[in-house]
Amino acid sequence: MTARARAPVVQLRQLRRLTLDDLAGARLPAAFFAEDSVTVARTLIGCVLVHRDRAGVVVETEAYLGPADLASHARFGPTARTSVMFGPGGVSYVYLCYGVHQMFNIVTGGEGEGQAVLIRAIAPYLGLPDDSAVGRGPGKVTQALALDRRHDRRDLARGDLFVAAPVAAPRIARGPRIGVAYAGAWADRPLRFWWRDHPAVSRTPPRRR
DNA sequence: GCGGGGATTAACT
DNA sequence: GTTAATCCCCGCG
């Protein structure tokens, strides 16, 4: 094993450093989330997810396309849990996975479309330990930002849970979504996006040569 | 109601 | 690589 030494390190000074007040002033409007989930998933990388006095830079996302997407909770149509996905974009969807972990999603697109984006990893930005592990993985994102199902169905255009404009313009990679093997051909579609070489990304596939 | 299973994680062998 | 933890959603009867 030779070239394993090159540990990718993202320099903090690559990021614009903003205060909580700055972030509040840079809040993304509802229109940002009215785009399709693939566009939102890609453009969210480098944006800042803020909850109260904690914030992380989004480094990994997944797009879920709607009822036809067999990996999506929307595949059963609107239910008591998922009806929020069929509302307008810009609203949170938080659910419990494996009885243990909370998953934070943002509904995208328009009324009735059933699209959403899962936030799979964040890098510490404000109010968090300077350790890439704290937001590495979807269950860790909610843990780091103290989010749970009480934060389901929040309007991100108002209140203390929101997304702020990008603080970086990283190189972005894409590949198949994680943990959706049950979804047949949908499992292979490249609907996962991540900040290339960022240490907070939950899993890094072998680099092509 | 019942039963199967999950957009995960950490701690095993 | 394998497995337990642990809850509740969803389809079906």
Side-chain angles (χ1 to χ4, degrees), chain A residues 1 33 36-45 47 49 51 56 58-87 89 91-109 113-124 128-129 131-154 156 161 163 172-195 198-206:
Chain A
M1 213 58 189
F33 302 102
D36 65 278
S37 61
V38 172
T39 298
V40 175
R42 187 174 54 234
T43 53
L44 271 178
I45 306 294
C47 292
L49 179 59
H51 178 220
V58 177
V59 300
E60 180 183 351
T61 60
E62 283 177 355
Y64 288 84
L65 272 47
D69 178 355
L70 296 182
S72 175
H73 289 178
R75 67 188 181 278
F76 300 117
T79 65
R81 179 177 59 159
T82 64
S83 60
V84 63
M85 296 179 79
F86 291 85
V91 178
S92 63
Y93 167 48
V94 183
Y95 70 92
L96 185 64
C97 186
Y98 292 98
V100 177
H101 305 287
Q102 319 279 336
M103 303 280 132
F104 178 78
N105 304 257
I106 301 173
V107 178
T108 73
E113 294 179 8
Q115 301 187 50
V117 171
L118 170 68
I119 309 300
R120 282 195 55 92
I122 57 173
L128 295 173
D131 175 357
S132 289
V134 300
R136 186 190 293 144
K140 301 300 236 21
V141 169
T142 53
Q143 188 182 325
L145 295 180
L147 296 170
D148 58 42
R149 280 174 298 167
R150 291 172 303 183
H151 303 92
D152 188 29
R153 299 172 184 249
R154 295 279 185 96
L156 303 187
L161 173 60
V163 181
I172 295 173
R174 68 185 292 178
R177 294 172 293 186
I178 304 296
V180 295
Y182 57 85
W186 284 90
D188 300 323
R189 300 198 34 178
L191 297 175
R192 172 176 176 240
F193 297 86
W194 67 92
W195 182 326
H198 197 291
V201 170
S202 65
R203 309 193 202 180
T204 313

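No hydrogens, no waters, no symmetry mates; every other heavy atom, side chains included, goes into these values.
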Distance check needed: [N] [atom2] versus [X] [atom1], whole Å only.
X        : N      : atom1 : atom2 : value
A/Arg177 : B/dG6  : CZ    : P     : 15 Å
A/Arg136 : B/dA10 : CZ    : C1'   : 14 Å
A/Leu147 : B/dA7  : CG    : C1'   : 16 Å
A/Arg120 : B/dT9  : CZ    : C1'   : 11 Å
A/Met103 : B/dT8  : CE    : C1'   : 5 Å
A/Leu70  : B/dG6  : CG    : P     : 13 Å

request  = Examine distances only and state if a side-chain atom of A/Arg154 and a backbone atom of A/Ser92 form a donor-acceptor pair shorter than 3.5 Å.
outcome  =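 Judged by distance alone, no pair lies under 3.5 Å.
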query = Are the side chain of A/Thr79 and the backbone of A/Thr82 linked by a donor-acceptor contact shorter than 3.5 Å?
reply =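 Looks like yes, one N/O pair under 3.5 Å.
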request  = Please figure out whether A/Gly179 or A/Gln143 has its closest DNA chain B nucleotide nearer the 5' end.
outcome  =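 In this pair, the answer is A/Gly179.
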query = Are A/Phe193 and A/Thr43 side-chain neighbours, meaning at least one heavy-atom pair lies under 4.5 Å?
reply =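 Not in contact.
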request  = Pull out every stem in DNA chain C, meaning runs of 3 or more consecutive Watson-Crick or G-U wobble pairs with both distances under 3.5 Å.
outcome  =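 Output for stems: B:1-6 with C:7-12, B:8-12 with C:1-5.
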query = Pick one: which of A/Arg189, A/Arg177, A/Arg75 meets salt bridge (charged side-chain N to carboxylate O under 4.0 Å, His left out) with A/Asp69?
reply =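 Single pass found, and it is A/Arg177.
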query = Between B/dA7 and A/Arg192, is there an OP1 or OP2 to side-chain N/O distance shorter than 4.0 Å?
reply =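 Answer no for this pair, as no side-chain N or O of A/Arg192 is under 4.0 Å from OP1 or OP2.
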query = Between A/Arg149 and A/Thr142, is any side-chain donor less than 3.5 angstrom from a side-chain acceptor?
reply =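 No, because no side-chain N or O of A/Arg149 sits under 3.5 Å from a partner of the opposite role on A/Thr142.
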query = Has A/Arg81 got its NZ or CZ under 6.0 Å from the middle of the six-membered ring of A/Phe76, at an angle within 45 degrees of the ring axis?
reply =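 Not satisfied by the 6.0 Å and 45° rule.
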message = Quick one, A/Thr108 with A/Val38, criterion side-chain contact (heavy atoms from CB on, under 4.5 Å). Give me CA distance, side-chain angles, the key distance, then yes/no.
response = CA-CA 9 Å; A/Thr108 73; A/Val38 172; over 6 Å; no
ask   = Which parts of nucleotides 3-13 of chain C does protein reach within less than 4.0 Å, heavy atoms only, written one letter per nucleotide 5' to 3' as B for base, S for sugar-phosphate only and - for none?
value = ---BBSSSS--
message = So which atom in A/Pro176 and which in A/Ala187 form the shortest heavy-atom distance, rounded to 0.1 Å?
response =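 Smallest heavy-atom distance, with atoms named: CB-O, 3.6 Å.
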message = If I compare all heavy atoms of A/Ala146 with all of A/His51, which pair ends up nearest, and what's the gap?
response =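 Minimum heavy-atom contact is O-CE1, 3.4 Å.
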